[in-house]
Amino acid sequence: MPHLKDAEGGYALGVPSLRSALLDWYQHHSRDLPWRHTRDPYAIWVSEIMLQQTQVATVLPYYHRWLDHLPTIQALAGAELDTVLKLWQGLGYYARARYLHCAAQQIMSEHQGQFPQNYAAVAALPGIGRSTAGAILSAAFDQAHPILDGNVKRVLSRLFALSIPPKQAETQLWVWSAQLLCPQQPRNFNQAIMDLGATICTPRQPLCHACPWQNHCRAHRYGLTQDIPRKMTSAPLPHKQIGVAVIWNNAGQILIDRRPPTGLLGGLWEFPGGKIEPRETVQECIRREIREELGIEVRVGEHLIDIDHAYSHFKVTLQVYYCHYESGTPQPLGCDAIRWVAPADLDQFPFPKANTLIIAAIRERGAPN
DNA sequence: AAGGCGTGGCG
DNA sequence: TCGCCAAGCCT
């Protein structure tokens, strides 16, 4: 298959020359990344999961710390979920950590503790989709499976001057990625095309003068690199007001709860609270939420801090108040678990980012009067 | 099959 | 301050 057609079917690109140009470029311009120094499928798997929707610089410290604490599939499978989430704290998209944990246990029971080497078995593991399966199998075992991450989508969209958003052309992009993939050097080719997207074919101000595919690239030829890939228009994010309670008891402890095991921030600990309803004061909201979620009565005291935070699909303002426990026995009505914790022990639990700011504010303010 | 799902860096 | 974007997957 010597040539590829672009989206309109009107042009042809020479596959052998594209492959060799990219592989030659990669020989001198590859990034030195820690997961490229190993063939251990576990380490490569961990890196690929961490790298989903997350940049290399963010992943690096998490990657090293993770492998220090959980160096093998067996270690991960035997760890507590709290330990796993604590190692993941701050990386976001926490389902990734839950899937890693679950998949490790699955590998222990179904694959004798050995990471599977065939595509169907790998893609069947939770958290591993088509692209991550291809990335792991090509990186660890040099198997010829295509990948399609954000880098590859952007590179191919420009190479072929794709006129619609990549989201609407997934099938076409997969075909291009598979047809371009070099069957003799799948590991190097997949790593190379990702490096090309990360260092040359960047989202803004691509460095076309240094690109091995400059003379093949339709977007560059037509002066469209700034306009491709085309982006979907998105609605503005809703903004919610949340009342949050830092509830103290007479022993100087604070009440925290663990969120339900799935969904937003699933399995993480937090300070209890909830959405402020229309025509409701923050204080009323907090008393109501604490009654509904924990079954206890509290007195709302001094204001601690307001925290603005943006999630992937909405924004929040957390209005945080010190509260005092008054009556009732705390029960996990709207959550997974609850605990009274000394302020010094809060660090032991996995909290989402916005809640770590609350912990810092508690440390500054100290206990209420 | 769209929408849910975090966080940090950038212009 | 704000919106956009980054090595996607699951339901």
Side-chain angles (χ1 to χ4, degrees), chain A residues 31 33-36 44-63 85 88-100 102-103 122-139 145-157 165-168 170-171 173-174 177 187 190-199 201-206 226 229-239 259-268 270 307-317 350-357:
Chain A
R31 289 177 293 174
L33 303 172
W35 40 88
R36 289 182 181 168
I44 291 168
W45 170 35
V46 170
S47 78
E48 289 299 335
I49 300 300
M50 287 186 171
L51 287 162
Q52 289 171 0
Q53 305 284 190
T54 310
Q55 302 193 30
V56 167
T58 304
V59 164
L60 287 174
Y62 285 90
Y63 174 77
L85 288 173
W88 201 270
Q89 175 178 317
L91 253 190
Y93 287 133
Y94 297 92
R96 295 182 293 173
R98 302 195 302 267
Y99 292 143
L100 268 171
C102 178
V122 172
L125 295 169
I128 299 182
R130 185 173 176 184
S131 186
T132 300
I136 294 171
L137 288 171
S138 61
H145 298 282
I147 59 174
L148 191 61
D149 64 357
N151 288 311
V152 178
K153 284 180 185 172
R154 185 171 57 258
V155 168
L156 297 182
S157 295
K167 182 80 172 173
Q168 298 175 16
E170 292 266 331
T171 302
L173 287 162
W174 272 112
S177 180
R187 172 190 292 127
N190 279 343
Q191 297 300 315
I193 194 171
M194 283 192 285
D195 274 19
L196 186 66
T199 65
C201 196
T202 51
R204 289 172 303 232
Q205 310 294 333
Q226 306 283 358
R230 288 193 53 184
K231 32 192 171 284
M232 318 261 292
T233 57
S234 55
L237 304 180
H239 191 149
R259 297 175 59 86
T262 61
L264 180 69
L265 307 171
L268 276 73
E270 66 174 3
I307 294 169
D308 288 313
H309 190 75
Y311 295 98
S312 50
H313 54 303
F314 65 95
K315 301 181 198 178
V316 293
T317 299
F351 283 94
K353 169 67 177 167
N355 277 250
T356 66
L357 301 178

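Side-chain atoms are counted along with the backbone in the values below, which use heavy atoms only and exclude waters and symmetry mates. First the proteins, then the strands, lettered A, B, ... as listed; each starts at 1.
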Between [X] ([atom1]) and [N] ([atom2]), how many Å, whole number?
X: A/Trp174; N: C/dC9; atom1: CH2; atom2: C1'; result: 12 Å
X: A/Tyr63; N: C/dA7; atom1: OH; atom2: P; result: 18 Å
X: A/Trp45; N: C/dA7; atom1: CH2; atom2: C1'; result: 17 Å
X: A/Asp195; N: C/dA7; atom1: CG; atom2: C1'; result: 11 Å
X: A/Arg154; N: C/dA6; atom1: CZ; atom2: C1'; result: 8 Å
X: A/Met50; N: C/dG8; atom1: CE; atom2: C1'; result: 16 Å
X: A/Met232; N: C/dA6; atom1: CE; atom2: P; result: 14 Å
X: A/Gln191; N: C/dA7; atom1: CD; atom2: P; result: 13 Å

At less than 4.0 Å, is any side-chain N or O atom of A/Lys231 found next to OP1 or OP2 of C/dC5? Yes or no.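 The answer is yes; a side-chain N or O of A/Lys231 sits under 4.0 Å from OP1 or OP2.
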Looking at CG of A/Leu100 and CD of A/Glu48, how far apart are the two atoms once the value is rounded to the nearest 0.5 Å?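 Separation between the atoms: 11.5 Å.
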Separation of A/Arg230 CZ from A/Ser157 OG (nearest 0.5 Å):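 If we round to the nearest 0.5 Å, A/Ser157:OG and A/Arg230:CZ are 11.5 Å apart.
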Does [X] reach a base, just sugar-phosphate, or nothing at all? Heavy atoms under 4.0 Å.
X: A/Trp35; answer: base
X: A/Val56; answer: base
X: A/Ile44; answer: nothing
X: A/Lys315; answer: sugar-phosphate

Could you work out the separation of [N] and [M] based on their [atom1] atoms and round it to a whole Å?
N: C/dT1; M: B/dG6; atom1: P; answer: 24 Å
N: C/dA7; M: B/dA2; atom1: C1'; answer: 23 Å
N: C/dA6; M: B/dA1; atom1: C1'; answer: 23 Å

Verify the distance criterion only: is there a donor paired with an acceptor across the side chains of A/Gln52 and A/Arg96 at less than 3.5 Å?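 There is no such pair between these side chains.
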A/Tyr311 ring center near A/His309 ring center (under 6.0 Å):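 Aromatic pair counts; centres sit under 6.0 Å.
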Taking the nucleotide of DNA chain C with the closest heavy atom to each, which residue, A/Pro236 or A/Pro203, is nearer the 5' end?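 Between the two, 5'-proximity favours A/Pro236.
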Sequence-aligned protein contact record of nucleotides 1-8 of chain B, with B where the base is within under 4.0 Å of a protein heavy atom and S where only the sugar-phosphate is: ---SBBBB
So that I can compare with my own list, what are the stems of DNA chain B, taken as at least three consecutive Watson-Crick or G-U pairs with distances under 3.5 Å?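 Result, WC/G-U stems under 3.5 Å: B:2-5 with C:8-11, B:7-11 with C:2-6.
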Quick one: does any side-chain atom of A/Arg259 pair with a main-chain N or O of A/Leu264 as donor and acceptor, under 3.5 Å?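 Checking the backbone N and O of A/Leu264 against the side chain of A/Arg259, a donor-acceptor pair under 3.5 Å is found.
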Ignoring hydrogens and angles, answer whether the base of C/dA7 and the side-chain atoms of A/Arg31 contain a donor-acceptor pair closer than 3.5 Å.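 Between C/dA7 and A/Arg31, which were checked side chain against base, a qualifying N/O pair under 3.5 Å is present.
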